[in-house]
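We name chains A, B, ... by the order of the sequence lines, and we start the count at 1 in each one. Quantities reported herein were computed from a predicted structural model and do not represent experimental measurements.
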Amino acid sequence: MSIYDTLNPPQREAVFHTEGPLLILAGAGSGKTRVLTHRIAYLMDEKQVNPWNILAITFTNKAAQEMRDRVDRLVGFGAESVWVSTFHSACVRILRRHIDRIGYDTSFTIYDTDDQKTLIKDICKRLDIDTKQYKERYLLSQISHAKDELITPDEMERKAIGDFRLKKIAEVYREYQTSLRKNNALDFDDLIMKTVELLQSCEDVLESYQERFRYIMVDEYQDTNSAQFKLVSLLASRYENLCVVGDDDQSIYRFRGANIGNILGFERVFPGAKVIRLEQNYRSTRNILNAANHVIANNVERKAKTLWTENDEGAKVNFRQFLNGFEEAEYVAGEISKAKREGRRSYGDSAILYRTNAQSRLFEEKFLLANIPYKIVGGINFYARKEVKDLLCYLKTIENARDDIAVRRIINVPKRGIGATTIGKVQDYAEYMDISFYDALRVAEEIPGLGRGLSKLDGFVTFIQMLKSKAAYMTVKELLEEVIEMTGYVEELRQENTEEARARIENIDELISKTVSYQEAMEAEGKPATLEGFLEEIALVADIDTVDPDQDYVLLMTIHSAKGLEFPTVYLVGMEDGIFPGYLTISSEDPTEMEEERRLCYVGITRARQELTLTAAQQRMTRGEVQYNRVSRFVREIPREYVDLGHQIQKKRPQMNAFGSGDALSQMKMAFQTGSAGAAQRNNAYSPSGPPGVFKPRDFQVTKADSLDYGVGDTVRHIKFGVGIVKNIVEGGRDYEVTVDFDKTGVKKMFAGFAKLKKL
DNA sequence: TCTCCATCGTTTTTT
DNA sequence: ACGATGGAGA
């Protein structure tokens with residue numbers, strides 16, 4: 001009996017095929033992580049490959065950690081020498097050693113999106129760019145895309161002949177790169193691009209890594225971009241032992257440059273590549289898998305495949321529609337409480353998945369109210385919070401004073417009486433002398449026209465110099481506390497004595513504890529804990545990496561963040577046209593955008609192991625105004641036979657019916673008119689303390705009278721026109737005039753008595 | 001130089 | 001609805 005006996009035949013084939021290029025097309029839940037870990041174990045145990053000759057690239061640090069743990073359990077020892085990391089951290093490791101070969105300092109800092117924005121703003125000012133015409137966001141995304149495709153400013157300029165707009169962008173791009181280099185900084189995309197540049201320009205470096213990484217594995221291959229592809233091909237070109245695992249149906253990162261051609265064209269680039277398909281799903285019930293298969297089948301651009309499973313049929317996929325987002329959230333909170341109370345599920349079994357981060361708020365509110373422990377993944381990054389960022393910029397300045405962005409951020413935080421005018425003068429001088437901002441500060445007395453600002457600048461420089469000298473012998477934690485102490489940052493917040501200030505102090509405390517856990521982690525690995533290392537870790541951790549599987553909380557996150565994860569119970573919320581798929585996608589000319597959105601839906605559905613609930617709201621507050629959305633087309637793509645609409649519950653509780661209770665109706669009207677939290681909360685039917693199994697009937701309609709069983713926003717069927725959505729209802733003399741937007745025939749007005757509309 | 005208020009635009013999705 | 005930004009006034 002060996003560890004490989006538990007694998008199915010194609011899995012085993014993938015594990016044993018170690019030499020030469022290999023493409024594993026692994027459907028959702030088909031055990032690809034198992035294959036990868038067993039493959040690493042096989043290489044080490046059976047093929048006597050040295051662990052340090054193996055490189056495995058994962059999508060997140062969390063996945064890397066998990067993979068390492070699992071390999072550890074399989075092979076006993078040696079797993080710690082395998083390089084398992086994300087593209088970004090692998091590149092940082094390489095660059096820290098060799099980037100001096102291409103003109104950077106090995107102590108470079110890494111810019112996050114915030115820093116990038118600040119920098120690009122500066123540049124627009126400097127180059128006198130009209131930011132109405134060229135939005136900073138747009139410029140950054142163009143630069144980022146160029147880097148994803150390994151396009152240099154020179155190349156962009158060459159391509160821009162006759163294209164004024166592109167020429168302008170190239171100009172900004174060039175200036176942006178120059179500034180980054182001056183600041184001794186790299187942005188996220190640079191990490192990949194500069195590594196490729198390094199390997200291409202230094203033959204010896206390339207060779208050493210080719211020798212080192214004789215076996216390379218890439219997970220989530222469908223989401224690699226061109227630069228990452230180039231990087232992998234360079235490294236693998238010597239031994240060609242490249243194994244990539246992916247699923248074209250789960251490609252959801254095109255917006256950040258992921259090139260689906262990498263997976264679709266793998267066999268062309270690596271002739272003789274072996275292709276193995278893993279199509280048996282071990283994760284989900286048959287109902288869930290069927291639903292997923294039917295949705296994704298609507299995509300044209302895909303490698304045909306059908307996932308199957310031997311798992312039980314399981315419960316049907318639930319679909320529930322609610323009047324508004326509050327009730328949707330209340331329902332989900334209620335279901336989770338109920339499952340916990342009945343001992344069916346612990347909190348950690350459930351995940352709420354949504355399209356956009358903004359949707360988390362309603363759920364957060366209800367979870368607080370219902371005392372459900374939860375963790376929101378993503379959204380505003382912890383390290384992007386103002387107070388955290390401020391303090392980090394002190395640390396960054398201490399580490400790399402050439403980082404102008406960091407220095408300028410903190411020079412007047414807290415207030416030192418150094419204003420924009422003074423900063424501007426220093427800036428001009430630095431530019432004129434071609435030195436860094438900080439170096440200009442150090443020779444401030446030479447800068448003309450500073451006046452009384454000079455002494456303040458001196459004070460700042462002395463302060464930083466003192467911290468720099470202390471950094472030599474202090475731990476990161478001590479240094480951070482020193483900064484807090486000396487700047488009076490926390491003290492100032494304490495005096496504010498507001499709720500907000502207290503939250504900020506809490507965040508700062510959390511930052512301090514992060515320095516401690518960093519210290520501990522390094523000590524455990526026998527590595528020195530450095531300031532540089534700490535800053536690097538912070539730059540590269542994704543929020544998802546901090547999720548602790550031992551904690552019992554409900555996870556709330558975007559579907560993007562949920563990639564690669566699985567849960568016994570999944571709530572896919574906000575399933576409405578206009579939300580998911582987003583209205584930008586719906587109105588887009590490009591049909592492939594809808595396909596990407598559908599793949600995202602597929603990813604969402606396939607996260608669920610046993611229970612899947614899809615929810616939608618008829619009306620929703622978006623950007624301050626009420627929107628009426630119809631049920632998502634993706635929901636409608638799931639055949640009825642796999643779906644439970646939950647009608648029967650409603651009949652059991654007639655007292656909940658709006659038509660039996662005028663009071664309830666007026667409350668609903670209020671909720672309808674104002675969409676206010678108050679109105680919805682008074683209707684707290686899902687309160688965890690309330691009777692179990694209470695379900696608010698979806699036929700709880702808001703119309704002017706109680707003789708129609710549908711309302712605005714409802715989906716209805718007409719005998720002739722088919723399915724449509726109610727847009728408007730006007731009370732006429734005898735009858736109601738109903739406006740309906742039909743799928744096939746468009747908008748029609750009709751009398752309710754005549755039309756015999758049937759609510760779906 | 002700082003603070004307060006009005007105006008504007010903004011939303012996908014993330015390493 | 002919200003946060004960022006810019007202008008006006010202290």
- Task: Measure the distance from NE2 on A:His560 to P on B:dT14 and round it to the nearest whole Å.
- Result: 7 Å
- Query: What is the distance from CG of A:Asn61 to P of B:dT15, rounded to the nearest Å?
  - Reply: 9 Å
- Sequence-distant partners of A:Phe634, ring pair (Phe, Tyr, Trp, His ring centres under 6.0 Å), two or more places apart: A:Phe580
- Task: Would you kindly say whether A:Ser588 and A:Thr585 are connected by a side-chain donor-acceptor distance under 3.5 Å?
- Result: no
- Query: Is there a stack between A:Phe59 and B:dT15, judged by ring centres under 5.5 Å and planes under 30°?
  - Reply: no
- Message: List the residues meeting side-chain contact (heavy atoms from CB on, under 4.5 Å) with A:Thr113, not counting sequence neighbours, and say none if there are none.
- Response: A:Gln116
- Residue-phosphate contact under 4.0 Å: A:Ser561 side-chain N/O, B:dT13 OP1/OP2: no
- Task: With sequence neighbours excluded, give me every side-chain hydrogen bond (donor to acceptor under 3.5 Å, both in side chains) pair touching residues 120-129 of chain A.
- Result: A:Asp122-A:Arg408, A:Arg126-A:Glu175
- Interface limits on DNA chain C, where chain A has a heavy atom under 4.0 Å of a nucleotide atom: C:dA1 to C:dT5
- Query: Between A:Thr585 and A:Thr113, who's closer to the 5' end of DNA chain B by nearest nucleotide?
  - Reply: A:Thr585
- Message: Please determine whether a side-chain nitrogen of the Lys or Arg among A:Glu492 and A:Lys415 lies less than 4.0 Å from a carboxylate oxygen of the Asp or Glu.
- Response: no
- Task: Give the rounded distance in Å between these two atoms: CG of A:Asp545 and P of B:dT15.
- Result: 7 Å
- Rounded off to whole Å, could you give me the CD-to-P distance for the A:Gln228 and B:dT15 pair? 12 Å
- Results of ring pair (Phe, Tyr, Trp, His ring centres under 6.0 Å) for A:Phe229 - residues two or more places apart only: none
- Nearest whole angstrom, please: distance from the P of B:dT14 to the CG of A:Asn357. 5 Å
- For A:Phe255, enumerate each residue passing the ring pair (Phe, Tyr, Trp, His ring centres under 6.0 Å) test, keeping only those at least two apart in sequence or located in another chain. A:Tyr253, A:His560
- Item | Rounded interatomic separation in angstrom, taking CZ from A:Phe87 and C1' from B:dT14 | 15 Å
- Message: Nearest to the A:Leu584 side chain among B:dT13, B:dT15, B:dT11, which nucleotide is it?
- Response: B:dT11
- Taking side-chain contact (heavy atoms from CB on, under 4.5 Å) as the test, write out the residues that go with A:Ala562, two or more places apart. A:Leu353, A:Met557, A:Arg607
- Residue pairs passing the salt bridge (charged side-chain N to carboxylate O under 4.0 Å, His left out) test with at least one member in residues 189-198 of chain A, sequence neighbours excluded, are A:Lys147-A:Asp190, A:Lys194-A:Glu197
- Whole-Å distance, A:Lys117 NZ to B:dT14 C1', equals 14 Å
- Task: Spell out protein contact along nucleotides 1-10 of chain B as letters: B when the base is contacted, S when just the sugar-phosphate is, - when no protein heavy atom is under 4.0 Å; keep the 5' to 3' order.
- Result: SSS------B
- Message: Counting only side-chain nitrogens and oxygens, does A:Thr558 get under 4.0 Å of the OP1 or OP2 atom of B:dT14?
- Response: yes
- Message: What is the separation between atom NE2 on A:His145 and atom C1' on B:dT15, rounded to the nearest whole Å?
- Response: 14 Å
- Mind checking the P distance from C:dA4 to B:dT13? Whole angstroms is fine. 16 Å
